[in-house]
Amino acid sequence: MVKEHALAVYKNKPALIKEINQDKIVITLSDGTAIKVREKDIEIIHPGPVGSGDWGLGTRDLCSQSERVGNPPCLQTNIPSPQSPVPSPLHDAWELLVADGASVPLQELAELVFGEFSPAAAWNAYCLLMDGLYFTGNIDAIQARQRELVEADEKKREEKQKASNEREEFLQRLRDRQPYIIKEQRTENKEQEAENVADDRRFIQDVEALAFGKTAKSRTMKDIGLGETPEEAHALLLESGFWTTQINPHPSRFGIALLPARHNPGPPPEENRRDLTHLTAFAIDSPWSHDPDDAISVELNDDKHILYVHVADPAAAIGMDSPVEREARDRGATLYIPEGSFRMIADEALPVFALGLTEISPALTFRMTLNSSGEIDDTAIFPSMVKVSRLTYEEADTMLDNAGTSVLHNLYALAERNSNRRSAAGAIFIDMPEIHISMEQGQVAIEPIVRHRSADMVRECMLLASEGASNWAMQRKVPIPYIEQETGDLPDEILPGMAGSYQLRRCMRPRILSAKPGRHWGLGLDSYSQVTSPLRRYTDLLAHIQIRAFLGGGKPLPADELAARIAAGEAAGSAVTQAERASRNHWIMVYLSDKKNSVWDAIALEKKGTRWAMVIPALALETQVPIRKDITPNDPLKLILKSVNIPCREAMFAVEE
């Protein structure tokens, strides 16, 4: 029966019965809070009366302990295990009840263990019951648990407590020491050092997951008072020595696994390909390019140029919704980072489909007939066999300087005319520094990309092929991925040099991919669809699959179904682009990390309040620097490197006085 001033349990916390009404009971919790409850919501563990002295004797402290260890409450005492020879009232009571095998009420357990049935003893006995190690049942019938069960649970608790203590020691090292872990633990014994590292690594895994962008939370970061951000996690991993600067977390943050593609399309099927091996065809690219997927040829016919752009033909062996197509869609594009190339299509396909890696290569050829004004009169697309010679841009430039190489000269004249045509149509030309980053025996190497005439020539030929493919598809109502760009707001005055290119770049609107054609303002083209890199970009491969379906007499996907694939491929491709950009900045910071106080040539781009946007051409790095003296856009300055923050991908510079 419920009486006033009795001790009860409410939601595993002690409560004092203060007042009894007809349908409600008023109880007071240990923190002084008074609430109304129903009789069925509480359990009476001591009839009382509980006075103010009793209420403070143990119950408040025990409640605090219970809240610390969670629900249910657990009595925190140094209790010997069943195997321990050290006697204790608890051990004796448990042994007695094990031997007896009988059930006892809460009052009897309190008297056996604590020698009395006071309110504090009742609460402590209830805590032992809820703890569940030695006893089980309810307050009316408490039984001792069997020895083997107690021993097994005791062992688990000891292991858990040991792990908890080890983790707390680990966290304390993180909080208090610089450097934190591995550097402090390093010894001459390499095996012991490896064991220390492996032992601590179990506690740092959530930090690594946060740094890799695989989770948004980290218990370890929170416990040591650091922000739960990828940047702070990255910084901690570097400081603690778990990571070196050679670990690049950025692809993972964009959901990209650095694994090779699994599905190989296999060789192209036998089909009637047009033999174009009589044409001189050049695949011109950077010296570090290993997957050439386009080559160019030219013929003259009266006053017309016939431009051939031969493109790798993996779509000959890749069907829509095949495992290869789905994997390419999920990847979006080939990822190029200094650590290596992670291709959209399996590496095994490269020697089969890339141009110029074998004597004769299969291709999908785009043939554009250009009139005297440089406009496309007609486009034809067909499978072909080509004989391709590979050149670097530097080699092609040397050949352009040689008066005897008529093919390249004709291609260059054609490309220059197309550039002028696009310029007259409002095309935007931006020339900002570029670099190539590579790894040489674990060291970062940065090489400025030299501007080559042949690179401009190849670009214009690729644009003509993409424009021609777009016109061809529109005429035949074949849905393919189109790229458009809205008109940007140009400044009234465009500055010369890099400052002008910086202005123009800021005016550029995002490109839009869809199954419907539209004008591309930046390129000065009425319609545009990229088709020249099906080994590297999914949307190019998608265009090829649609074109091949039409050429083979099949049925290309309708525009609405194509649009869904475009969106998926573009989302994945955008992640690749962002990962490449973030990785590029990471490796620049790694490169600069040991170059404090080095001096760099920079160009002023634009004033931003009290700071100036600057570009360091040798690094293709843009930064903002406070400058007190008067300067103008395009002015050269010397910048001194002051600090580098690898996790935040930031370098701080100051103007050399």
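Every value quoted in this text rests on a predicted model; they were computed, and no experiment measured them. All values below come from the heavy atoms of this structure, side chains included, with hydrogens, waters and symmetry mates left out.
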Show me, pair by pair, the donor-acceptor contacts under 3.5 angstrom made by side chains of residues 457-465, not counting sequence neighbours?
unit_1: Arg459; atom_1: NH1; unit_2: Asp456; atom_2: OD1; d: 3.3
unit_1: Glu460; atom_1: OE1; unit_2: Asn418; atom_2: ND2; d: 2.9
unit_1: Glu460; atom_1: OE1; unit_2: Arg422; atom_2: NE; d: 3.0
unit_1: Glu460; atom_1: OE2; unit_2: Arg422; atom_2: NH2; d: 2.6

May I have the list of side-chain donor-acceptor pairs in residues 549-567 shorter than 3.5 Å, sequence neighbours left out?
unit_1: Arg565; atom_1: NH1; unit_2: Glu561; atom_2: O; d: 3.3
unit_1: Arg565; atom_1: NH2; unit_2: Asp321; atom_2: OD1; d: 2.7
unit_1: Arg565; atom_1: NH2; unit_2: Asp321; atom_2: OD2; d: 2.7

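Annotation: ring pair (Phe, Tyr, Trp, His ring centres under 6.0 Å) contacts involving residues 327-379, sequence neighbours excluded, comprise Phe366-His544.
When each of Thr369, Asn371, Asn471 is paired with Asp377, the side-chain hydrogen bond (donor to acceptor under 3.5 Å, both in side chains) condition holds for Asn371 and for no other.
In this view, Glu493 satisfies the salt bridge (Lys or Arg N to Asp or Glu O under 4.0 Å) rule with no residue, not counting sequence neighbours. By the side-chain hydrogen bond (donor to acceptor under 3.5 Å, both in side chains) test, Asp294 is found to be paired with no residue, residues two or more places apart in sequence or in another chain being considered. For the side-chain hydrogen bond (donor to acceptor under 3.5 Å, both in side chains) test, residues two or more places apart in sequence or in another chain that qualify with Tyr308 are Glu299. Among residues two or more places apart in sequence or in another chain, the ring pair (Phe, Tyr, Trp, His ring centres under 6.0 Å) test is passed with Tyr412 by none. Not a single side-chain hydrogen bond (donor to acceptor under 3.5 Å, both in side chains) links Glu580 to another residue, sequence neighbours left out. Qualifying ring pair (Phe, Tyr, Trp, His ring centres under 6.0 Å) partners for His290, counting only residues two or more places apart in sequence or in other chains: none. In this structure Tyr528 satisfies the ring pair (Phe, Tyr, Trp, His ring centres under 6.0 Å) test together with His520, sequence neighbours excluded. A search for side-chain hydrogen bond (donor to acceptor under 3.5 Å, both in side chains) contacts involving Gln624 returns nothing, not counting sequence neighbours. With sequence neighbours left out, Arg511 forms a salt bridge (Lys or Arg N to Asp or Glu O under 4.0 Å) with Glu570.
Within the model, atoms CD of Glu467 and CG of Leu525 stand 4.5 Å from one another, a figure rounded to the nearest 0.5 Å.
In this structure a side-chain-to-backbone donor-acceptor pair under 3.5 Å is present from Ser297 to Thr280. At distances below 3.5 Å, not a single donor-acceptor pair connects side-chain atoms of Asn645 with backbone N or O atoms of Arg649.
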